Protein chains: 2
Amino acid sequence: MYAKGRLKREEILDVALEVFADEGYRGTSLRTVAARCGLTVAGVMHYFDSREDLLTQVIVRRDQTGRPIYHDAPRTLAENVKGNAERPGLVELFVSLTAAAHDREHPAHEVLAHRYAGLRATLSADVVERQEAGELPSHLDPDAIARLIIATADGAQLQWMVDDEARLEGPLSTLLYDVLGLPRP
Amino acid sequence: MYAKGRLKREEILDVALEVFADEGYRGTSLRTVAARCGLTVAGVMHYFDSREDLLTQVIVRRDQTGRPIYHDAPRTLAENVKGNAERPGLVELFVSLTAAAHDREHPAHEVLAHRYAGLRATLSADVVERQEAGELPSHLDPDAIARLIIATADGAQLQWMVDDEARLEGPLSTLLYDVLGLPRP
DNA sequence: GTCTATACGACGATAGAC
DNA sequence: GTCTATCGTCGTATAGAC
């Protein structure tokens, strides 16, 4: 059967997302995921090349099911960031995976590179629009600003890992509304 | 002997830093480190509570041997960030450790929290100085700006992990010089 | 205090039967 | 498509030599 396999694969990904959201990146094993799916480890591995591949596909699926970022890119990005605050395990997964993806052979390398490129293009186009509307100074390089916005959103996650008082969306808000002077939503 | 142990401990830390800088966070094991020190695993573990503790002490030592950040904090921070570009394994180690340190029981939790707090205080004081000198608008919250600067520096590391074209110090330069309008060094 | 030897359980991965 | 069986490696723990 074809459809059954696809469904099972998606079930595994959903379970894995749940497990990793609960217990974090280092805390969980394939055996835990397998048990919650009613499978053995080998059964899970039928669908994925490796543990790291499974982790990668988890965030791929997360991207697919989540809302895309089109209009008012900075604002929807900020909302996404804020939403992550309720799933600490997912933030940990994303950060750990990014670190591991530094290896070009890692299954997440291409995925994350593509993700960054897309986000950068969307944000950059948004900056250009706002410059034409006079909302942002025209001397700023749109691509550099896009990179800055992404770095801010990501870096806030690192601080938030360790500092309880930090708000996940804090630095991004500071940048967008206080420093760049965009209109508050 | 007392001094010998301290020396051996530091040798282990230096070797570990080298190994992790070469092979990354996930790629290396205690056995590799031990072998390069002419010790067994248990010999290494005499000095550290766990593998994660060893990793934590590596970055503690790194902080101690590095230059502290006093005057013109943003600039020295930018130089530090730029210097990391030559040691990708260390950036990977730092990011992975931060993710793991989300667990309050992790040995790096306190260390990183303290490190962030110190950096924030230094940067925040620097912002206040510049506000008094008229270099920065006074309506900005110094602590929020400090958090923004740190987030930018850290987030740039995440992007850089995956994107070869990204410059590690790029986003921080954009923020400090193009957006905040600080004088270029 | 410094270090070796040895053992343990859990892990990711693979081969082959059904 | 899923299993059982097995492998090598990992971090960790303990007992004890020097």
Side-chain angles (χ1 to χ4, degrees), chain A residues 1-17 19-20 22-58 89 92-93 96-97 99-101 103 105-109, chain B residues 1-17 19-20 22-58 89 92-93 96-97 99-101 103 105-109:
Chain A
M1 207 42 174
Y2 201 63
K4 182 194 171 188
R6 237 191 49 218
L7 276 177
K8 195 70 183 175
R9 192 189 128 102
E10 287 175 2
E11 184 198 330
I12 294 172
L13 287 176
D14 289 340
V15 166
L17 187 142
V19 173
F20 282 100
D22 281 359
E23 325 225 9
Y25 175 77
R26 283 169 40 259
T28 28
S29 65
L30 288 178
R31 280 166 173 84
T32 310
V33 175
R36 285 221 213 170
C37 296
L39 287 179
T40 63
V41 178
V44 170
M45 297 301 287
H46 175 249
Y47 295 96
F48 306 95
D49 295 338
S50 66
R51 178 189 129 111
E52 297 296 302
D53 180 45
L54 168 61
L55 266 39
T56 305
Q57 301 310 319
V58 165
E92 192 190 331
L93 172 60
S96 301
L97 214 54
D103 180 351
E105 305 301 315
H106 192 286
H109 186 89
Chain B
M1 206 45 173
Y2 201 63
K4 183 195 170 188
R6 238 192 47 220
L7 277 176
K8 196 67 182 178
R9 193 189 127 102
E10 287 175 2
E11 184 198 329
I12 295 173
L13 287 176
D14 289 339
V15 167
L17 187 143
V19 173
F20 282 100
D22 281 0
E23 326 223 11
Y25 175 78
R26 281 168 41 260
T28 28
S29 64
L30 287 179
R31 282 165 172 84
T32 311
V33 175
R36 285 222 214 169
C37 295
L39 288 179
T40 62
V41 179
V44 170
M45 297 305 287
H46 171 66
Y47 296 96
F48 305 95
D49 294 337
S50 65
R51 178 190 131 110
E52 296 297 302
D53 180 46
L54 168 60
L55 266 39
T56 305
Q57 300 310 320
V58 165
E92 191 190 332
L93 173 59
S96 300
L97 214 54
D103 181 352
E105 306 300 315
H106 192 286
H109 186 89

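A, B, ... follow the sequence lines: proteins, then strands. Residue 1 opens every chain. As a basis for the values below, the full set of heavy atoms in this structure was taken, side chains included, without hydrogen atoms, waters or symmetry mates. The structure displayed is predicted, hence computed values, not measured ones.
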Apply side chain to side chain donor-acceptor pair (under 3.5 Å) to A:D14 and list each qualifying residue two or more places apart in sequence or on a separate chain.
A:R61
Kindly write out the residues that satisfy side chain to side chain donor-acceptor pair (under 3.5 Å) with B:S29, not counting sequence neighbours, or none if the list is empty.
B:T32
Hey, what bend do you get for the helix from C:dG1-D:dC18 to C:dC18-D:dG1 if you fit axes on five pairs at each end, rounded to 10°?
10°
With sequence neighbours left out, write down each residue that passes side-chain contact (heavy atoms from CB on, under 4.5 Å) with [X], or none if nothing qualifies.
{"X": "B:S50", "answer": "B:E52, B:D53"}
{"X": "B:Y47", "answer": "B:K8, B:R9, B:I12"}
{"X": "B:A108", "answer": "B:T56, B:L97, B:A101, B:H106, B:L112"}

Both A:G38 and B:R51 contact DNA chain D. Taking the nearest nucleotide for each, which residue is further toward the 5' end?
A:G38
Does the side chain of B:L13 reach to within under 4.5 Å of the side chain of B:F48, using non-hydrogen atoms?
yes
Under a 4.0 Å heavy-atom cut-off, which of residues 39-47 of chain B touch DNA chain C?
B:L39, B:T40, B:A42, B:G43, B:H46, B:Y47
Once you round to the nearest 0.5 Å, how far does CE of A:M45 lie from CG of A:L54?
8.0 Å
If you take all heavy atoms of [X] and [Y], which pair is closest and at what distance?
{"X": "B:V41", "Y": "B:A34", "answer": "N-CB, 3.9 Å"}
{"X": "A:D22", "Y": "A:R36", "answer": "OD2-NH2, 4.1 Å"}
{"X": "B:E92", "Y": "B:Y25", "answer": "OE2-N, 3.2 Å"}
{"X": "A:E105", "Y": "A:D103", "answer": "N-OD1, 2.9 Å"}
{"X": "B:E23", "Y": "B:T28", "answer": "CB-CG2, 3.6 Å"}

Return the residues of residues 23-33 of chain B meeting this criterion: a heavy atom under 4.0 Å from some atom of DNA chain D. Order them by number, or give none.
B:S29, B:L30, B:R31
Once salt bridge (Lys or Arg N to Asp or Glu O under 4.0 Å) is applied, do any residues pair with A:R31, and if so which ones, sequence neighbours excluded?
none
Boundaries of the DNA chain C segment in contact with chain B, non-hydrogen, under 4.0 Å:
C:dG1 to C:dA5
With DNA chain C as reference, determine whether B:R6 or A:S50 sits nearer its 5' end, using the nearest nucleotide of each.
B:R6
